[in-house]
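Inspection log for the structure reproduced underneath, given as structure tokens.
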Amino acid sequence: MKFFSLKKFISPTVSIQGKIFVAFSLVTLLGIVAVTSIVYLYMRETVKNNAITSVTESIRQADESLNLRLEEVSRLNTVVATNRTVLDTLQSKSVEPSYEWFQEQKRIEEFLSALIAYKPYISRVAVIGLNEKVFFVGSPWLDKNILLTPMMKDLLQNPSGHAYFHQTGVSDSIVTGRELRYNRSLIGMVMFDLNDEFIKKIYDVKPTSDSMMYVVDRKNEFIYQPQTSAFDKETIVGLGQELAGTDGSVERMIDQKSYLVVMRKSAYTGWTTLTLVPMKSLLTETARIRNVLATVAIIVFMFIVIGTLQVSSRITRNIRRLRSMMMHVTEGNMTLPAVEIRSKDEIGQLYHVFKGMVEELKRLLEGIVTTEKAKREAELAVLQAQIRPHFLYNSLNTVKYLAKLNGVPNIVEVSESLIELMRGVLGNTNEFLTLQEELQYVRSYVNIEKYKYVEPIRLLIEVKEEELLQFSVLKLMLQPLVENAIIHGISASEHEGLVHIHIYVEGQELRIEVRDNGKGMTQAQIDALFEVQTNTRFSGMGVRNVHERIVRLFGESYGVFVHSEPNSHTTVQIKFPLIPWKAAEQAQLQQEG
């Protein structure tokens with residue numbers, strides 16, 4: 001019985017598992033024997049010399065690339081140091097804030113911006129006066145406190161014009177500076193920040209996948225090191241001192257592993273570059289060994305191709321077909337190609353299961369799309385069918401006109417707000433609108449509601465960034481929440497009502513918080529908002545309805561979240577994706593098409 005099971009497992013005519021086992025076992029066995037027998041016939045010293053030449057050339061190219069940028073920055077330093085506008089500004093008597101100071105700041109920032117335009121490797125340029133005047137373009141933020149930092153003291157102590165400082169912390173960068181003098185008197189410093197990512201990109205040279213490169217400055221501080229360094233600072237500095245004075249190489253045992261250490265010192269910056277290449281990896285990745293492995297692979301292939309060609313083709317043909325069908329489906333095409341898999345082994349069975357799954361998925365998706373589109377159209381149709389727009393506009397305009405004639409400004413205000421609100425709700429059929437338009441509907445609604453209560457209702461809208469007003473939100477997303485805050489939170493209060501709307505971005509999400517100073521809610525009342533449909537008196541859409549619309553379109557990570565403290569306040573937060581208005585318009589057109 002055991003022999004029969006083993007025979008069934010390795011037989012190429014019974015199962016796909018047996019076919020893969022037999023074919024790949026034979027290929028692997030022949031490959032390992034052939035490769036391991038030939039690799040050891042070649043000399044280790046030749047491999048090492050080729051590696052030294054390759055690594056030395058890579059380091060030289062990296063150093064030259066960096067030196068070119070540093071020389072360009074040095075020329076820019078000279079341009080700033082000899083600019084009359086810069087020198088006059090640092091010596092002027094204007095103080096901050098003043099009109100003269102703003103004019104000086106504008107002139108210098110325009111000059112600095114033009115200076116570093118189209119130079120992405122420069123993250124910031126700054127002009128710093130010893131009189132605490134600071135002007136800069138780029139990031140991060142800079143103020144007069146820079147004069148008290150060790151970096152500034154270090155740059156001022158180096159008058160050579162090649163002063164470098166590796167800044168770490170909020171924004172890693174290489175800072176190069178030059179003194180600003182007028183009539184031989186020191187008046188300030190000009191600094192250029194080289195983006196740390198630019199340095200990493202230049203020195204991200206790896207002869208092998210596990211080799212490591214380090215760049216150390218004259219103070220034995222790291223300018224560049226791998227993200228996952230296997231050695232401490234003392235080890236690298238010690239290797240640099242051992243090879244000091246020569247652009248040479250040496251083989252060393254470190255932590256019981258053999259490494260090829262190649263060093264080069266830059267004459268321009270004085271920085272030392274060391275590359276450590278594991279000898280184990282080097283012996284398997286050089287060009288000579290690669291050619292040998294290719295030759296061996298060809299010889300082995302000639303022996304096994306006759307016996308495995310037909311078998312491997314029959315094994316992979318249906319697998320390739322099935323993979324092609326799956327890729328076709330992942331691209332959104334639910335119609336399978338006309339070619340079918342007719343084999344009766346595991347691949348054939350998998351094909352029939354996959355085909356049935358695609359057909360069922362296609363049917364379900366078509367039903368979901370139809371249902372969701374009909375549901376959204378029905379929701380908007382209910383809103384727009386409540387009142388005939390033409391009749392309502394004419395009636396409200398008549399009320400507004402009569403109110404003006406009779407000198408009743410509050411009725412004029414209510415009429416204008418109601419007209420604006422009805423125009424957006426009944427005349428706009430789009431499912432999305434801009435946040436600015438939605439906020440205008442909220443203002444119109446509050447203008448109407450405030451006349452219903454004895455105590456005034458104040459609406460405070462705080463937008464963190466003005467450009468957020470042009471992002472898209474769902475229509476009637478905020479008004480039901482504000483209505484809920486007024487009717488159920490503020491109406492029963494005996495003090496002045498406040499509805500605070502705070503809009504900001506967190507991560508990649510738009511956050512909208514609606515906070516009131518009303519009586520608050522218990523946890524049971526909060527849960528009831530999401531369990532039972534809440535009918536508001538204006539739109540017929542409550543907190544639960546808004547939450548379901550957002551979740552249905554964008555997923556469970558978005559929606560409405562409520563936090564309240566009884567007798568204190570209630571905060572309703574909306575988590576919504578950042579959607580530019582153009583993208584929302586295109587999505588709306590696709591849905592309508």
Side-chain angles (χ1 to χ4, degrees), residues 65-66 68-70 72-81 83 85-86 89-90 96-97 101-156 163-180 188-204 215 217 221-225 227 463-468 470-471 503-511 578 580:
S65 178
L66 179 62
L68 287 174
R69 297 302 185 189
L70 292 176
E72 185 176 5
V73 171
S74 179
R75 291 192 292 271
L76 295 177
N77 270 324
T78 302
V79 172
V80 177
N83 184 268
T85 300
V86 174
T89 300
L90 290 184
E96 179 184 7
W101 181 87
F102 279 112
Q103 290 297 318
E104 291 172 353
Q105 183 186 39
K106 180 180 178 181
R107 287 195 297 269
I108 289 189
E109 287 182 353
E110 289 177 350
F111 169 70
L112 297 179
S113 297
L115 202 64
I116 65 172
Y118 308 108
K119 295 178 176 59
Y121 62 92
I122 299 178
S123 61
R124 183 181 66 188
V125 56
V127 174
I128 303 167
L130 297 183
N131 58 359
E132 298 186 348
K133 285 192 174 184
V134 178
F135 306 93
F136 72 96
V137 172
S139 61
W141 179 264
L142 200 64
D143 56 25
K144 63 183 180 181
N145 292 326
I146 188 68
L147 293 168
L148 305 177
T149 61
M151 177 182 70
M152 180 59 66
K153 295 179 181 179
D154 184 81
L155 294 176
L156 289 173
Y164 304 107
F165 188 91
H166 189 202
Q167 179 177 250
T168 58
V170 177
S171 178
D172 294 349
S173 60
I174 303 299
V175 181
T176 174
R178 174 173 175 167
E179 296 175 345
L180 295 176
M189 171 72 70
V190 56
M191 297 191 316
F192 285 82
D193 289 21
L194 276 69
N195 195 316
D196 194 61
E197 293 298 325
F198 168 72
I199 304 297
K200 293 178 181 178
K201 184 177 180 181
I202 288 180
Y203 286 102
D204 190 16
V215 181
D217 62 13
E221 296 293 336
F222 282 130
I223 298 297
Y224 171 82
Q225 61 178 327
Q227 293 182 352
V463 183
K464 193 70 174 178
E465 301 173 2
E466 286 296 325
E467 55 266 25
L468 294 179
Q470 300 307 315
F471 279 79
I503 302 170
Y504 60 97
V505 174
E506 183 169 319
Q508 295 298 319
E509 295 179 352
L510 176 66
R511 300 292 178 90
L578 282 173

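- Taken to the nearest 0.5 Å, the CZ atom of Phe192 stands 4.5 Å off from the CG atom of Leu76.
- In this structure, Phe136 and Trp141 have perpendicular ring planes: the angle between them is above 60°, well past the 30° mark.
- A salt bridge is defined here as a Lys NZ or Arg NE, NH1 or NH2 lying under 4.0 Å from an Asp or Glu carboxylate O, and Arg69 with Glu72 meets this definition.
- One distance of note links CD1 of Ile122 with CG of Asn195; it measures 10.5 Å at 0.5 Å rounding.
- Residue Lys200 places its NZ atom among more than 12 non-hydrogen atoms of other residues, nucleotides or ligands, all under 6.0 Å distant.
- Taking a 6.0 Å sphere around CD of Glu467, one finds it holds more than 12 heavy atoms contributed by other residues, nucleotides or ligands.
- Atom CE of Met189 and atom CE of Met151 lie 9.5 Å apart (nearest 0.5 Å).
- Rounded to the nearest 0.5 angstrom, Glu132 CD and Asp143 CG are separated by 10.0 Å.
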Verdict with reasoning, Thr149 to Ile146, per side-chain contact (heavy atoms from CB on, under 4.5 Å)
CA-CA 5 Å; Thr149 61; Ile146 188 68; 3.6 Å; yes
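- Atom-to-atom distance recorded for Lys144:NZ and Asn131:CG is 11.0 Å, nearest 0.5 angstrom.
- Across every non-hydrogen atom of Thr89 and Lys133, the tightest pair is O-NZ, 3.2 Å.
- Residues Phe135 and Val86 fail the side-chain proximity criterion, which asks for heavy atoms closer than 4.5 Å.
- Each of Ile174, Val175, Ile202 was compared with Leu194 under the side chain to side chain contact (heavy atoms under 4.5 Å, CB included) criterion, and only Ile174 meets it.
- Looking only at side-chain heavy atoms (C-beta outward), Phe471 and Val505 stay at 4.5 Å or farther from each other.
- Between the side chains of Thr78 and Arg178, at least one donor N or O sits under 3.5 Å from an acceptor N or O.
- Atoms CE and CD1, from Met152 and Ile128 in turn, are 3.5 Å apart once rounded to the nearest 0.5 Å.
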